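Encoded as structure tokens, the structure appears first; notes follow it.
Worth saying up front: this structure is predicted, and the values here are computed from it rather than measured. Sequence positions, counted from 1, serve as the residue numbers for this chain. Just so you know, ligand 1 is whichever comes first in the structure, and atom 1 is the first atom listed for that ligand.
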Amino acid sequence: MTFTLPKDRLRLAIQKSGRLSTDSLDLLKACGIKVKSAKEKLLLHADNFPIDILFVRDDDIPQLVMDGVCDLGIVGQNVLEEAALERRSAGTAGGYEVERSLDFGSCRLCIALPEERAYTSVQDLAGQRVATSYPQITKRYLEQKGVKAEVVQLSGSVEIAPRLGLADVICDLVSSGSTLEANKLRAVETIFKSTAALIRNQRPLNPEKAHALEIVLRRLDGVQKAAGTKYIMLHAPKASLEQIKKFLPGSENPTVLPLAGDDTKVAVHAVCSEDVFWETMESLKQAGASSILVLPIEKMML
Ligand code: PRP
Ligand code: ZN
């Protein structure tokens with residue numbers, strides 16, 4: 001497929017279906033970018049923002065961005081690292097930058113082996129056949145550990161390789177761990193930790209696109225910042241106000257307001273930059289606070 005890039009619209013590649021697709025679309029939505037979800041479509045235009053979304057296989061995203069077919073991509077750092085190593089070994093340049101790490105899609109690349117097999121250290125892998133869809137990262141790890149093993153590249157269903165006699169061990173992504181469990185495998189080494197990332201092509205963008213990207217990044221930062229932030233409202237006896245303030249996690253200057261009809265208490269409103277746990281609420285209560293409300297914050301711009 002060949003595409004000509006529109007001059008004034010950003011093009012973003014996201015995973016069509018898989019572990020990152022829903023979160024990627026949700027993130028766009030949270031950034032105020034409206035795309036009508038049409039599963040069968042390959043390319044969608046956002047109605048209210050100069051951005052087009054290309055839906056592709058995750059493994060294709062690094063290349064699409066590095067080659068400049070897309071300006072941006074949301075991809076797992078595992079897939080990105082594998083593609084970058086692949087390019088390096090082929091002697092071609094990187095051509096991308098990571099703009100932001102994202103707070104979803106967390107998983108790890110692990111060496112796993114049949115449950116019943118003993119394992120003491122990575123040296124046990126010497127002479128073994130390792131099935132993986134991540135040959136570059138796997139080879140680098142084995143080399144770093146000084147272990148000579150054979151890497152068998154598979155494009156999918158890596159977890160059944162030991163049962164089929166294709167390999168002795170596997171190196172595959174683990175997220176919840178249920179795939180390993182279902183296949184009676186256990187993870188013994190974590191060789192790469194990953195979350196999703198927003199990447200961009202390295203070449204400078206024209207002014208229209210650069211401006212659009214700036215807005216996307218500002219909104220994205222606002223959404224990500226808000227995700228770990230809560231708004232607390234409570235009533236505090238004036239006498240214990242200072243003590244109560246100490247229990248407000250990560251808040252600098254809470255707003256203190258009078259309470260109609262009660263001279264002895266004030267209302268305290270605070271943005272807390274850390275999670276508010278039940279323990280925090282207990283402490284606030286013990287310090288004299290009442291009517292404690294904790295609200296999620298949707299967006300933030302400081
Ligand atoms: C990975 C991996 C396992 C599964 C592990 O595949 O190959 O099949 O996820 O997840 P779990 O620990 O939650 O069971 P992925 O969904 O990334 O598909 P892909 O490799 O085809 O992109
Ligand atoms: Zn994939």
Side-chain angles (χ1 to χ4, degrees), residues 12-28 37 39-40 42 53-66 69-70 72-87 96 98 101-117 119 125 128-142 149-199:
L12 165 72
I14 67 171
Q15 189 181 30
K16 190 174 169 66
S17 71
R19 72 173 70 243
L20 302 182
S21 34
T22 311
D23 286 330
S24 302
L25 279 173
D26 286 350
L27 181 64
L28 293 179
S37 73
K39 272 267 145 63
E40 68 286 354
L42 183 66
I53 317 292
L54 187 68
F55 295 84
V56 291
R57 282 188 56 218
D58 62 345
D59 310 66
D60 293 334
I61 295 174
Q63 203 184 338
L64 288 167
V65 174
M66 290 184 210
V69 177
C70 293
L72 302 168
I74 295 178
V75 67
Q77 276 155 359
N78 52 311
V79 171
L80 183 64
E81 182 75 2
E82 182 67 21
L85 291 176
E86 169 95 49
R87 287 228 156 180
Y96 73 93
V98 174
S101 277
L102 303 173
D103 56 8
F104 59 84
S106 82
C107 56
R108 55 207 172 94
L109 192 58
C110 292
I111 309 253
L113 40 89
E115 268 169 7
E116 68 283 358
R117 272 194 50 192
Y119 182 85
L125 301 174
Q128 300 277 295
R129 290 166 305 161
V130 189
T132 186
S133 312
Y134 296 85
Q136 301 286 342
I137 303 179
T138 307
K139 279 180 198 159
R140 179 180 63 181
Y141 175 79
L142 293 169
E150 185 194 340
V151 172
V152 181
Q153 183 172 355
L154 296 179
S155 59
S157 306
V158 171
E159 59 275 4
I160 59 169
R163 254 184 301 151
L164 297 178
L166 284 171
D168 308 295
V169 303
I170 65 165
C171 182
D172 200 13
L173 280 191
V174 181
S175 173
S176 65
S178 56
T179 303
L180 287 189
E181 205 183 309
N183 289 281
K184 300 200 182 322
L185 298 165
R186 69 180 170 112
V188 291
E189 304 285 352
T190 294
I191 75 170
F192 192 82
K193 284 188 183 157
S194 173
T195 61
L198 175 71
I199 59 168

Which of the numbered atoms in ligand 1 are under 4.0 angstrom from any heavy atom belonging to Asp172?
2 (C), 3 (C), 7 (O)

Strictly under 4.0 Å, does any heavy atom of [X] approach an atom of ligand 1?
{"X": "Val174", "value": "yes"}
{"X": "Gly177", "value": "yes"}
{"X": "Ser133", "value": "no"}

Would you tell me which option among Leu109, Leu173, Val79 has the nearest heavy-atom contact to atom 5 (C) of ligand 1?
Leu173

Arg129: what forms a salt bridge (charged side-chain N to carboxylate O under 4.0 Å, His left out) with it, not counting sequence neighbours?
Asp168

Over 12 foreign heavy atoms within 6.0 Å of CD, Glu189:
yes

So how far is it from Ser194 OG to Glu82 CD, rounded to the nearest 0.5 Å?
12.0 Å

Out of curiosity, Ile14 CD1 to Asp58 CG, how far, rounded to the nearest 0.5 Å?
11.5 Å

Tell me whether [X] has any N or O atom under 3.5 angstrom from an N or O of ligand 1.
{"X": "Ser175", "answer": "yes"}
{"X": "Ser176", "answer": "yes"}
{"X": "Asp59", "answer": "no"}

Gln77 side chain vs Lys193 backbone, donor-acceptor pair below 3.5 Å
no

Given that the side chain starts at C-beta and the backbone is N, CA, C, O, which of these parts of Leu180 lies under 4.0 Å from ligand 1, counting heavy atoms, or is it both or neither?
neither

Residue portion contacting ligand 1 (non-hydrogen atoms closer than 4.0 Å) for Thr179:
both

Quick one: are Leu180 and Ile170 in side-chain contact, heavy atoms under 4.5 Å?
yes

Would you call Cys107 and Val174 a side-chain contact if the rule is heavy atoms closer than 4.5 Å?
no

